[in-house]
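Input: a single structure, listed below in structure tokens.
Note that the numbering runs from 1 along the sequence shown for the chain.
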Amino acid sequence: MEQPRIVIVGGGFGGLAAAKALRNTPAQVILIDRTNHHLFQPLLYQVATAVLAPGQIATPIRNILRKQKNCTVILGEVTGVDKERKCVLFSDADRQGVPVHYDYLILASGATHSYFGHNEFEEFAPGMKSLADAVSSRNRILQAFEEAEAEEDPSRHRDLLTFVLIGAGPTGVEMAGALAILIRSTLKSEFRRVDPAHARIVLLDMAPRVLTPFSEDLSEAAKRRLEKLGVEVRLGHSVDRIDADGVVVAGERIVSKTVIWTAGVAPSPAGKWLNVEIDRAGRVRIQHDLSVPEHPEVFVVGDTAAFEQDGKPLPGVAQVAMQQGRYAGKLIHSRITGHKAPAPFRYFDKGTMAVVGKNFAVLQSHQIRLSGFGAWLAWAAVHLQFLATSSLRLTVFLQWVWTYFTGQRGSRLIVTHHGPQPAKAAEDTSRKPAVA
Ligand SMILES: Cc1cc2nc3c(=O)[nH]c(=O)nc-3n(C[C@H](O)[C@H](O)[C@H](O)COP(=O)(O)OP(=O)(O)OC[C@H]3O[C@@H](n4cnc5c(N)ncnc54)[C@H](O)[C@@H]3O)c2cc1C
């Protein structure tokens, strides 16, 4: 008899945990992702600030699952789900809407940026969700220093070296801290016309405090630390405008060539694919076994799912996605093998952390609240532990030790494409004088 087929969409934290939980299941597991790699998003800001290289926070999904013989990995972009025919539709480089049949489906397609209805901001303030986003931010940051060094008019240096981060949640705070260290230590002695130490970092948020998921005392500690590092923290006002010249906030223009969006997220379109009930943010409302109402064979996990526990929605963090992915995998395993189903899903909160520059982090876990060096060590240990492979853990650890003692960063490269551009090449040809 043919084995049942389980399709997983997304090889992020949720999808990968689900695939691993199914390793001993007598089933065909098909994991579809639009990228070929599992990305450790919590360290994206370290790629953007040149501490780590892209390959140190991402691993090919098929490499992680190479020993799992029942799992096939497909590179493709899922574009829809046909619940009646039990098919996922995906597109790849040369085919559109390819159907893949499923007996069980796990959607773990994550989230993307949200510009809170101002999609026009994206052109001037790119977000940070993918590896390409982080490399693009790194290019922009390093390029700003190069442009300032090439600029002979010192009155322009300040504007070129003003960096604005919008969103003072964990990503914005961590990025601001890392940028401050990059500017004040790593780049310090390498420029002649500009003093990187005079660069300005502005962190904006409409919330009244930084790191709102943390307690007030920890957010205050993080804010003080940022200010000590020279970051200007401006809270309580939403951004009115972002354009090629910078940002307008509370009626004031901040001139900047480098604006980075570190604010909201929006879930993947899984709710639209399934045509089921979603919450206000667009996440799929799921039941206590993580399945979609009236479809016990369809599960949604991680950032794209809305799950309430004790009357509160679970946050969009890696731990939730991993625990949900693992649960969905185990539940499907129990159904296929005829074992007892696990009890309804319950999230176990292991705590939250955010790092602010060197030697300082904040940590909150139930009644425990820590800030400073101890929390920073815990942050480093936990992040190393959750990297996908031992080789990443080793290289990241060595890089961190090197950076800690020398101030040198791992990957300070501006990587841009200088190949021929077809449209331009055609234009240039048309301008060539005709040869008689
Ligand atoms: C910059 C940043 C920093 C963060 N820091 C932390 C932190 O410090 N601690 C923490 O706990 N959490 C952090 N998070 C949140 C955490 O990364 C997410 O909660 C977690 O990744 C959610 O897991 P997921 O499996 O739902 O989605 P993801 O891990 O995002 O995985 C989704 C996967 O689906 C794939 N996919 C999406 N759409 C499609 C499609 N149409 N077709 C095929 N594949 C698709 C994507 O390529 C991706 O591989 C951070 C997030 C970001 C962006």
Going through the checks in order, is the side chain to side chain donor-acceptor pair (under 3.5 Å) test met by Thr25 and His333? CA-CA 6 Å; Thr25 308; His333 177 87; 2.7 Å; yes
Assert yes or no for the condition that the ring centre distance of Trp376 to Trp400 is strictly below 6.0 Å. no
Phe163-Phe145 aromatic ring centre distance below 6.0 Å: yes
Counterpart residues, side chain to side chain contact (heavy atoms under 4.5 Å, CB included), relative to Pro99 (two or more places apart) |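 So Pro99 forms a side chain to side chain contact (heavy atoms under 4.5 Å, CB included) with Arg85, Cys87, Leu89.
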Got a salt bridge between [X] and [Y], using NZ or NE/NH1/NH2 to carboxylate O under 4.0 Å?
{"X": "Asp310", "Y": "Arg346", "answer": "yes"}
{"X": "Arg156", "Y": "Asp159", "answer": "no"}
{"X": "Arg283", "Y": "Asp279", "answer": "yes"}

Would the number of heavy atoms belonging to other residues, nucleotides or ligands and lying under 6.0 Å from [atom1] of [X] be above 12?
{"X": "Glu216", "atom1": "CD", "answer": "no"}
{"X": "Lys358", "atom1": "NZ", "answer": "yes"}
{"X": "Phe116", "atom1": "CZ", "answer": "yes"}
{"X": "Asn275", "atom1": "CG", "answer": "no"}
{"X": "Glu252", "atom1": "CD", "answer": "yes"}

* **Heavy-atom side-chain contact between Phe121 and His113 under 4.5 Å** => no
Taking the side chain as every heavy atom from C-beta outward, state whether Val276 and Val300 have any atom pair closer than 4.5 Å.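 Sidechains of Val300 and Val276: no contact.
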Fill in: Worked verdict on Thr403 versus Gln399 for side chain to side chain donor-acceptor pair (under 3.5 Å)
CA-CA 6 Å; Thr403 301; Gln399 183 64 57; 3.2 Å; yes
ring-ring contact (aromatic ring centres under 6.0 Å, His included) test vs His288 passes for just one of Phe307, Tyr347, Tyr327, Phe299, namely Phe307
inquiry  = Test side chain to side chain contact (heavy atoms under 4.5 Å, CB included) on Val210 and Val233; report intermediate values, then the result.
reply    = CA-CA 8 Å; Val210 304; Val233 183; 3.7 Å; yes
